[in-house]
Amino acid sequence: MKQDILNNQSINSSFLHFDPNFKRRDPNPPPMSFRMAPPETFTMLSPCKNLGDGVTRITYYNPDAKEVSIVGVGGSMPGAYPMSRDEQGYWTIDLKLAAGIHTHHYLVDGAMVLNPEMPFCFCCAEPANYFETVDETCDFYMLKDVPHGDLRLEYYRSSYTGRWKAAWIYTPPSYDRDPERKFPVLYLQHGAGENETGWLDMGRANYIADNLIAEGKCEEMIIVMNAGFSFHEEDGWKESGFMQELLEDCIPMIERKYRVKTDRESRAVAGLSMGSGQAQEIALEHPELFAYCGVIIGWFAPMRPNAAKYLPIYEDVAEMDRRYKVFFASNGEQEDFYPAASAAFRGLAERGMKHMTYYSCPGYHELTVCRKSLHVFLPMLFK
């Protein structure tokens, strides 16, 4: 299984290129355009290769550069890592990092740039490159030969901003095969600095759901992934209208266009980081709509700026059990706020909340932990 994981096609695929053909013109090609160059002037080059044992080789082509480093965004990839140049102008480095996703940029002679041949993502409110150090014992988020659901892109108008919004919709494998069946819905939100592609592009939520469904471990469900930012130009950070958009615009659109169950026991809301705060607030404000809540790499709602209004709800664990069939929370054990968040969430269970589940694993405030959390959370839903 180890080699199958290292070679899995999903490792180096992204929304920009699902099936990348890593081709670069020979360092000394004939003087003609890239498009017109004959096939013999091209060579296969993988800019990111998993060598096994947690080592990843990164290659960047820039024959004119004097100095190149890979700069991580923090967490599992802190700091800068100098690369070495060969005679042809290829810069390489072998990195041994913790298993997971590593978002980064390239510092080239003092300028921060992107590597055009590496996978791209939207992270920290800007485009970034990423690669994955493969966990050779873990394949739950890989692309497998199982029935696959569909991804659909929907647009709807925001009643808060007046602007159009985009949402990705995952429909399970039997959605089109069984036209009479209705499905429960999970509304799943991204984190700060990300967008509606995050749970798919790096989170692999669709593969996680496909594999769990194929294994008979979770219910077939529709997953809705929205853009969580909703501000007027004059608004500050605290003026988000996402709750209004979700309740007044997105959910009605989903229930109008898709075959979904509409009772509260068939709706869940969850998110990571910023999205976990949104999920908590929406679930706490509207228990009549949601029976499940997932707080992924998140913090306890009373730790948030509007804490006062939620403290009485959390203090009444019997009421929390009446409201929610599952209240799930998770953290990476290297997150800065892990000690406080884990103590708070575990405290709910210690005070007698039966429907509280807390999960933690080694890792930082990154999508690597989110994947594992989603893999634990999905089987709990809609039972």
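For this chain, numbers begin at 1 and follow the sequence in order. Side chains are part of it too, since the values below use all heavy atoms of this structure and drop only hydrogens, waters and symmetry mates.
Put simply, the side chain of Asp321 never gets that close to the backbone of Tyr324: no donor and acceptor are under 3.5 Å apart. A donor-acceptor pair under 3.5 Å is absent between the side-chain atoms of His286 and the main chain of Leu284, judged by distance alone. When atom types are taken as modelled, the side chain of Trp91 and the backbone of Asn62 share a donor-acceptor pair closer than 3.5 angstrom. Side-chain atoms of Asp135 never come within 3.5 Å of backbone atoms of Ala99 as a donor-acceptor pair (strictly under, hydrogens ignored). In this structure, the side chain of Thr59 does not engage the main chain of Thr92 through any donor-acceptor pair within 3.5 Å. For Lys217 (side chain) and Asn211 (main-chain N/O), no donor-acceptor pair under 3.5 Å exists by modelled atom type. Asn129 places a side-chain N or O within donor-acceptor distance of the main-chain N or O of Pro119, the cut-off being under 3.5 Å. Between the side chain of Glu132 and the main chain of Ile101, no donor-acceptor pair closer than 3.5 Å is present. At least one donor-acceptor pair under 3.5 Å links the side chain of Asn195 to the backbone N or O of Thr197. At least one donor-acceptor pair under 3.5 Å links the side chain of Glu136 to the backbone N or O of Asp53.
Partners of His104 according to the ring pair (Phe, Tyr, Trp, His ring centres under 6.0 Å) rule, which considers only residues two or more places apart in sequence or in another chain, are Tyr106, Phe131.
Side chains of Val369 and Cys361 form a contact here, defined as non-hydrogen atoms less than 4.5 Å apart. Using a 4.5 Å heavy-atom threshold, the side chains of Tyr359 and Lys372 count as touching. No side-chain heavy atom of Glu366 sits under 4.5 Å from any side-chain heavy atom of Thr103. Between Met112 and Val71, the closest side-chain pair of non-hydrogen atoms falls below 4.5 Å. At a threshold of 4.5 Å between non-hydrogen side-chain atoms, the residues Leu95 and Thr133 do not count as touching. In this structure, the side chains of Trp199 and Glu194 stay at 4.5 Å or more apart for every pair of heavy atoms. Residues Glu248 and Ser158 have side chains not in contact (no heavy-atom distance under 4.5 Å, counting atoms from C-beta outward).
Ring-plane geometry between Tyr292 and Phe382 is classed as perpendicular, the angle between the planes exceeding 60 degrees on a 0 to 90 degree scale with a lower cut at 30. Note: His190 and Phe229 have tilted aromatic rings, judged against thresholds of 30 and 60 degrees for the angle between ring planes. Classification of the Tyr90-Tyr61 ring pair by plane angle, with boundaries at 30° and 60°, yields tilted.
In this structure, Arg264 does not pair ionically with Glu288, as no charged nitrogen and carboxylate oxygen lie closer than 4.0 Å. Using a 4.0 Å cut-off between charged side-chain N and carboxylate O, Lys165 and Glu196 make no salt bridge. Using a 4.0 Å cut-off between charged nitrogen and carboxylate oxygen, Asp150 and Arg152 count as a salt-bridge pair.
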(request) Would you sort out whether Phe345 and Met356 count as a side-chain contact (heavy atoms from CB on, under 4.5 Å), showing the intermediate values? (result) CA-CA 8 Å; Phe345 285 122; Met356 174 73 219; 3.9 Å; yes
(request) Could you walk me through whether Glu67 and Val108 pass side-chain contact (heavy atoms from CB on, under 4.5 Å), step by step? (result) CA-CA 6 Å; Glu67 187 175 46; Val108 180; over 6 Å; no
(message) Run the side chain to side chain donor-acceptor pair (under 3.5 Å) test on Gln278 and Tyr187 for me, step by step, so that the C-alpha distance in whole Å, both residues' side-chain angles and the decisive distance to 0.1 Å come before the verdict.
(response) CA-CA 11 Å; Gln278 292 174 323; Tyr187 294 89; over 6 Å; no
(request) Run the numbers on Asn226 and Tyr156 for side-chain contact (heavy atoms from CB on, under 4.5 Å), then give the verdict. (result) CA-CA 10 Å; Asn226 268 289; Tyr156 63 93; 2.5 Å; yes
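The two residues Val295 and Gly298 come nearest to each other via the heavy atoms CG1-CA, 3.9 Å. Met83 approaches Ile58 most closely through the heavy-atom pair CE-O, 3.6 Å. Taking both residues in full, the closest heavy atoms of Leu188 and Ala205 are given as CD2-CB, 4.4 Å, listed atom of the first, atom of the second, then distance. Contact record, Arg371 with Ile208: O-CD1, 3.8 Å, taken as the closest heavy-atom pair. Residue Cys121 comes nearest to Tyr130 through the heavy atom pair CB-CD2, 3.6 Å, listed as atom of the first residue, atom of the second, then distance. Between Ala270 and Phe377, the shortest heavy-atom distance links the atoms CB-CE2, 3.7 Å.
Checking Asn331 against Ser342 by side-chain atom types alone, no donor-acceptor pair falls below 3.5 Å. Under the 3.5 Å distance criterion, with hydrogens and angles disregarded, a donor-acceptor pair is assigned to the side chains of Tyr170 and Asp210.
Tyr141 does not carry Arg204 over the face of its six-membered ring by the limits of under 6.0 Å from the centre and within 45° of the normal.
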Show the atom names and distances, to 0.1 Å, of all donor-acceptor pairs under 3.5 Å that link a side chain in residues 250-259 to residues at least two apart or in another chain.
| unit_1 | atom_1 | unit_2 | atom_2 | d |
| --- | --- | --- | --- | --- |
| Glu255 | OE2 | Arg267 | NE | 3.1 |
| Glu255 | OE2 | Arg267 | NH2 | 2.9 |
| Lys257 | NZ | Glu154 | OE1 | 2.7 |
| Tyr258 | OH | Glu154 | OE2 | 2.5 |
| Arg259 | NE | Pro179 | O | 3.0 |
| Arg259 | NE | Arg181 | O | 2.9 |
| Arg259 | NH2 | Tyr175 | O | 2.5 |
| Arg259 | NH2 | Asp178 | O | 2.9 |

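Of the inter-residue distances, the one linking Tyr160 atom OH with Leu246 atom CG reads 15.0 Å to the nearest 0.5 angstrom.
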